**Q** 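Pasting a structure below so you can have a look.
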Amino acid sequence: MSVTLVVASSGIGLFARDTAERDLAANSRVFDKIIASREGQMADAGEVVARDFGFREAFATGDAATLVSALQSLRDRARVSEAAIVQLDGSVIASGAGGAIDGAAMLGRLESGQTSGVVSLDGTEALAAAVPIEMPDLAGWLVLVNTLGPDDMTQLSRLSAVAVEAKVVDRSRLAPHLAAVPLGEIVEVDSDDGERLVRVSPIASLQDGREPRLVLAHSLGAALARYTSLRIVLLLISVAGVLGGAWAAIRLSRGIAQPLQSLAEAARAFGGGAVSKVKVEGAVEVRSLAASFNTMVDAVEEREQQVMHASLHDALTGLPNRRFFIEKLDRAVQRQNDNHQSFVAFIDVDDFKAINDAMGHPLGDELLRSVARSLQDRFPDAMVARFGGDEFGLLLSGLEPGADCASLARTLETKLNREMTIDGRGVLVSASVGIAIGPQDADSSDGLLKCADLALYRAKNDGKGAYHFFEPELDAEASRRRRMEIDLRRAIRDGDFELYFQPLFSISQNRVKGFEALMRWPHKEQGMISPATFIPIAEESGLIVQLGEWAMREACRQAAHWPDDISVAVNISPRQLAADGLATCIAQALAQTGLSASRLELEITESVFIGNVEKTLKILHSLQSLGVRVALDDFGTGYSSLSYLRSFPFDKIKIDQSFVRALEEGGSAHAIVRAITTLADALGMETLAEGVETQELLDALQKEGCDMIQGYLISRPVPGAEVAGLLGALQPAEARVAVG
Ligand code: C2E
Ligand code: CA
Ligand code: CA
């Protein structure tokens, strides 16, 4: 009997220690998940900003004020200690309040592709997640940093099932008794606070020269104390057993030893990762021990599930996030074949930025939730996910060969392009959709994502509110675009561009009043590349800002040598107008070349108004106050041309070629051109018709009240060196005398 008791008592001791060890092992798993989930959340938040058009533009143009404000708002929104940009040379642009990080020490890791780990934030250990800023070449990293100081770690510890102390310490600062603990093993350590189980594990560092360690400690005393009552019971049992006789002793030991045995087995299984509960049976104390073991299993399980859920879902819409979507897609791709196809759609809300600006962020959020709901309602069997920002993904797997993908696409289109009621207001929402089908388009999830992305790009370019299926040509087109962008960068560096000039001819004065500067790219292999081809690529990549600055300086430089009554018109892209520094660039170009401001005309298109009308108007007024003229280019090709005429005093309206073409066909074109010139006249604006190729058109335009023309009839665009000769040939004799 005594032997049984001694064995049982020490068995409990061993079991308690065993359980404590399992607890600690289970907790370190929870910790790893929590940390991975935090990093994931930070990376997701960072990714949305790093891909944001406005942010990349601010970065490309070195607009520090916008960058710092974007970083501050990212920091507040993501609730992290600091958000910063690490540039390729290691220098750091920080939001300013969170503390200093050493960007140079991070470079090595970042360049090798590592995206998360521990860094030092003002000497405190902190968790960092980095996302590359791609424009599209790597231009830096956006880094979110959250401290892992004592307070943060206590907060994290609260998420774990048992009382665990956790801290992150650099190896160089570990106490000697902790430094001696083998990595990843659970070891008993005697410290001032009694006996403790300790686990020291390495944790990735995002800076060179540092070796952070996660130290988890669990008091053994506390673990053993939970079983004190059990020991007392055993003692009582022994007394009762001696008194009560062998029969009672055997019965009692059955009620304890066997359930304890199964409890120990369950604990081992649980430690190994299995969900293992025990039957609640045996003596009262053993039953309560079993019950509390089961409660612990439930609690750990639930916490693990919460952590998993948070790391796989989007907080705003409750939808699965990109990571979850990709996991699902991975599985769908493994099973896909010609009889089980995958339908992958990328959905991007059109002009969401403008809607968000106009309606305010809370309503913007509501709109995203509405889109999420309508997708889920209409496609209950699909995986609908939010990728961040205004992008959603939809996956339908296991489609049969006869499945009508086109009709699915049309359903998506009708569901997404309609008036939605947001906070009682009707908002016209439209979205573009890119679709890829597996396995016909690609047999990997990466491939399908890429195809859907290319198709979305095309859908956006085709006009808003449309869907587009992936086609192999899109792939070829994308690589052509990439190659051309690389070429463009080199050509900008080498100064390979030229300006051609096309006369702007006054009908009533019968003379040339100015020239429009048009860019030309003489390419070594491909010959002369048209601006219609390279300007869109330069706009997309932001290179247009540099290119446009060059055109401005060069146009002013050449025009300064022309006669005083000849002006020069320079095209300004919407992106140039949005970037800071356009007014400075123009003022400098004028000052350096001595060209008078009244001889410079800026040509803008109405697309500059999309997004923020107020801001655009402010910029245009500030440009006009420099003394330069502002012309509205391609008039009539947009949606609301007429309304912009009344909001800004343009000096000139350039009627688009399409109207001039239409004049030849008769119909209502005459009436439209007449309406435009009458309105422009009333508003005190000059009118110019573009693309005039024949004398008949000139006559017709003159009759409809047009002031000026531009087109092959007068001259094609010519190199700068030919401007003087062209003027000589075109100007009437008296004008030539006046010039000469
Ligand atoms: P745009 O500003 O509408 O320029 C007028 C275009 O019409 C020019 O094409 C010109 O060569 C062409 N054109 C002129 N007269 C006629 C004609 O009688 N018939 C026909 N069929 N075409 C005529 P280009 O030079 O190919 O330029 C295309 C576009 O590229 C320009 O359209 C402009 O949007 C853009 N672009 C050119 N240079 C620059 C620049 O320096 N900066 C910016 N942002 N865009 C530029
Ligand atoms: Ca133009
Ligand atoms: Ca034009």
Side-chain angles (χ1 to χ4, degrees), residues 488 491-492 495-505 512 514-522 527-559 567-579 582 585-586 589 600-608 629-638 641 650-664 676 686-698 700-701 706 708-720 726:
L488 254 180
I492 292 178
D496 283 351
F497 294 90
E498 280 173 28
L499 284 186
Y500 272 43
F501 295 92
Q502 188 178 32
L504 309 173
F505 186 84
V512 174
F515 286 86
E516 175 177 3
L518 293 160
M519 232 183 270
R520 293 291 178 266
W521 181 11
M528 196 65 94
I529 302 183
S530 155
T533 312
F534 70 82
I535 295 280
I537 292 167
E539 299 216 333
E540 217 170 89
S541 57
L543 292 170
I544 190 71
V545 177
Q546 266 171 287
L547 204 52
E549 282 180 5
W550 169 83
M552 176 61 65
R553 281 194 308 273
E554 182 62 13
C556 291
R557 189 185 68 75
Q558 298 203 32
S567 61
V568 66
V570 180
N571 290 287
I572 304 287
S573 126
R575 291 198 63 164
Q576 276 177 279
L577 203 73
L582 178 61
C585 161
I586 293 174
L600 176 61
E601 191 164 82
L602 310 179
E603 294 194 4
I604 61 149
T605 56
E606 69 175 69
S607 58
V608 298
R629 288 159 53 89
V630 181
L632 185 57
D633 203 356
D634 301 342
F635 183 80
T637 53
S641 307
F650 290 101
D651 296 287
K652 181 189 280 176
I653 301 167
K654 298 188 75 175
I655 303 170
D656 190 66
Q657 304 202 5
S658 52
F659 286 94
V660 178
R661 294 284 100 79
L663 277 182
E664 286 176 322
I676 296 173
E686 225 172 14
T687 45
L688 178 146
E690 298 188 301
V692 180
E693 296 181 359
T694 62
Q695 184 65 41
E696 290 74 54
L697 277 173
L698 192 160
L701 285 159
C706 198
M708 299 182 68
I709 60 155
Q710 172 179 5
Y712 296 168
L713 174 67
I714 308 297
S715 165
R716 287 183 179 257
V718 300
L726 192 60

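Only this structure's heavy atoms are used, side chains among them; waters, hydrogens and symmetry mates stay out. Read the numbers this way: they start at 1 and go in the same order the structure lists the ligands and their atoms. On a predicted model such as this, the values are computed, not experimentally measured, just so you know.
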**Q** How about CZ on R661, more than 12 heavy atoms from neighbouring residues, nucleotides or ligands closer than 6.0 Å, or not?
**A**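 Yes, CZ of R661 has more than 12 neighbouring heavy atoms, counting only those of other groups under 6.0 Å.
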**Q** For atom 19 (N) of ligand 1, state whether the nearest protein heavy atom is under 4.0 Å away.
**A**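 So atom 19 (N) of ligand 1 has protein heavy-atom neighbours under 4.0 Å.
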**Q** For atom 32 (O) of ligand 1, state whether the nearest protein heavy atom is under 4.0 Å away.
**A**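 Flag for atom 32 (O) of ligand 1 set to false, no protein heavy atom closer than 4.0 Å.
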**Q** What is the nearest protein non-hydrogen atom to atom 16 (C) of ligand 1, stated with its residue, atom name and distance?
**A**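 For atom 16 (C) of ligand 1, the nearest protein heavy atom comes out as Y712 CE2, 3.3 Å.
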**Q** Could you give the distance from CG (L632) to CD1 (I655), rounded to the nearest 0.5 Å?
**A**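 The distance works out to 10.5 Å.
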**Q** L518 and side chain to side chain contact (heavy atoms under 4.5 Å, CB included): which single residue from N571, V570, V718 fits?
**A**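 Exactly one candidate clears the test, N571.
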**Q** How close does the nearest protein non-hydrogen atom get to atom 38 (N) of ligand 1, and which residue and atom is it?
**A**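 Sorting protein heavy atoms by distance from atom 38 (N) of ligand 1 puts M519 N, 3.0 Å first.
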**Q** Looking at E516, which atoms of ligand 1 are within less than 4.0 Å of one of its heavy atoms?
**A**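 So the answer, numbered in order with elements, is 2 (O), 4 (O).
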**Q** Evaluate I492 against L543 for side-chain contact (heavy atoms from CB on, under 4.5 Å), listing each step before the verdict.
**A** CA-CA 9 Å; I492 292 178; L543 292 170; 3.9 Å; yes
**Q** Looking only at protein heavy atoms, identify the closest one to atom 43 (C) of ligand 1 and say how far it is in Å.
**A**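 It is N571 CB, 3.5 Å.
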**Q** List the steps and the verdict of side-chain contact (heavy atoms from CB on, under 4.5 Å) for F505 and L713.
**A** CA-CA 10 Å; F505 186 84; L713 174 67; over 6 Å; no
**Q** Using modelled atom types and a 3.5 Å cut-off, is there a donor and acceptor pairing between side-chain atoms of R575 and backbone atoms of E539?
**A**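 Checked: pair present.
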**Q** Is K654 touching ligand 1 with its side chain, its backbone, both, or neither, if touching means heavy atoms under 4.0 Å apart?
**A**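 No part of K654 is near ligand 1 at this cut-off.
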**Q** Nearest 0.5 Å, please: how far is OH in Y500 from OG in S715?
**A**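 So the OG of S715 and the OH of Y500 are separated by 11.5 Å.
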**Q** Would you mind telling me if ligand 1 is within reach of the side chain of I535, the backbone, both or neither, using heavy atoms under 4.0 Å?
**A**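 Within the 4.0 Å criterion, I535 contacts ligand 1 through side-chain atoms alone.
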**Q** State if G691 counts as touching ligand 1 under the rule of any non-hydrogen atom under 4.0 Å.
**A**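 Heavy atoms of G691 do come under 4.0 Å of ligand 1.
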**Q** Measuring from I709:CD1 to I714:CD1, what's the distance to the nearest 0.5 Å?
**A**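 Interatomic distance, I709 CD1 to I714 CD1, rounded to 0.5 Å: 4.0 Å.
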**Q** Looking only at heavy atoms, is any part of V570 under 4.0 Å from ligand 1, and if so is it the side chain, the backbone, or both, or is it neither?
**A**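 Neither; nothing of V570 gets under 4.0 Å from ligand 1.
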**Q** Measure the spacing between OG1 of T605 and CG of D633 and express it to the nearest 0.5 Å.
**A**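 T605 OG1 to D633 CG: 7.0 Å, rounded to 0.5 Å.
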**Q** In E516, which N, O or S atom comes closest to the Ca ion (ligand 2)?
**A**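 Atom name returned: OE2.
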**Q** Have a look at ligand 1 and work out which part of R716, if any, has a heavy atom under 4.0 Å from it: side chain, backbone, both or neither.
**A**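 Looking at R716 and ligand 1, no heavy atom falls under 4.0 Å.
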**Q** As an exercise, identify every atom of ligand 1 less than 4.0 angstrom from a heavy atom of E693.
**A**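 Heavy-atom distances to E693 below 4.0 Å select 17 (C), 18 (O), 19 (N), 20 (C), 21 (N).
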**Q** Which option, M528, R661, Q657, E690, owns the non-hydrogen atom nearest atom 7 (O) of ligand 1?
**A**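 When every heavy atom of M528, R661, Q657, E690 is considered, Q657 comes closest to atom 7 (O) of ligand 1.
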**Q** For K654, is there an ion pair with E601 - N to carboxylate O distance below 4.0 angstrom?
**A**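 No.
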**Q** Show me which atoms of ligand 1 lie under 4.0 Å from any heavy atom of P717.
**A**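 That gives atoms 11 (O) of ligand 1.
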**Q** Taking the minimum heavy-atom distance to atom 27 (O) of ligand 1, which of P536, P531, A551, S573 ranks first?
**A**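 Among P536, P531, A551, S573, the closest heavy atom to atom 27 (O) of ligand 1 comes from P531.
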**Q** Report the nearest protein non-hydrogen atom to atom 15 (N) of ligand 1: residue, atom name, distance rounded to 0.1 Å.
**A**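 Closest protein heavy atom to atom 15 (N) of ligand 1: Q502 NE2, 3.0 Å.
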**Q** How far does CD of E686 sit from CE of M708, to the nearest 0.5 angstrom?
**A**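 Spacing of CD (E686) from CE (M708) equals 5.5 Å.
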**Q** Can you check the angle at the Ca ion (ligand 3) formed by OD1 of D633 and OD1 of D634? Round it to the nearest 10°.
**A**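 Nearest ten degrees: 90°.
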**Q** To check your reading of the model: name the closest protein heavy atom to atom 10 (C) of ligand 1, its residue, and the distance in Å.
**A**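 Closest protein heavy atom to atom 10 (C) of ligand 1: L518 CD1, 3.8 Å.
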**Q** Could you identify the N, O or S atom of E603 positioned closest to the Ca ion (ligand 2)?
**A**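 When I compare the N, O and S atoms of E603, OE1 is nearest to the Ca ion (ligand 2).
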**Q** Relative to ligand 1, is D634 under 4.0 angstrom through side chain, backbone, both or neither, heavy atoms considered?
**A**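 The side chain, only.
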**Q** To the nearest 0.5 Å, what is the distance between CD on E693 and CD on Q657?
**A**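 If we round to the nearest 0.5 Å, E693:CD and Q657:CD are 7.5 Å apart.
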**Q** Could you tell me whether F635 and F650 have their ring centroids closer than 6.0 angstrom?
**A**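 Not under 6.0 Å, so no.
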**Q** Closer than 3.0 Å to the Ca ion (ligand 2), do we get an N, O or S atom from E690, backbone or side chain?
**A**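 No N, O or S atom of E690 is closer than 3.0 Å to the Ca ion (ligand 2), so no.
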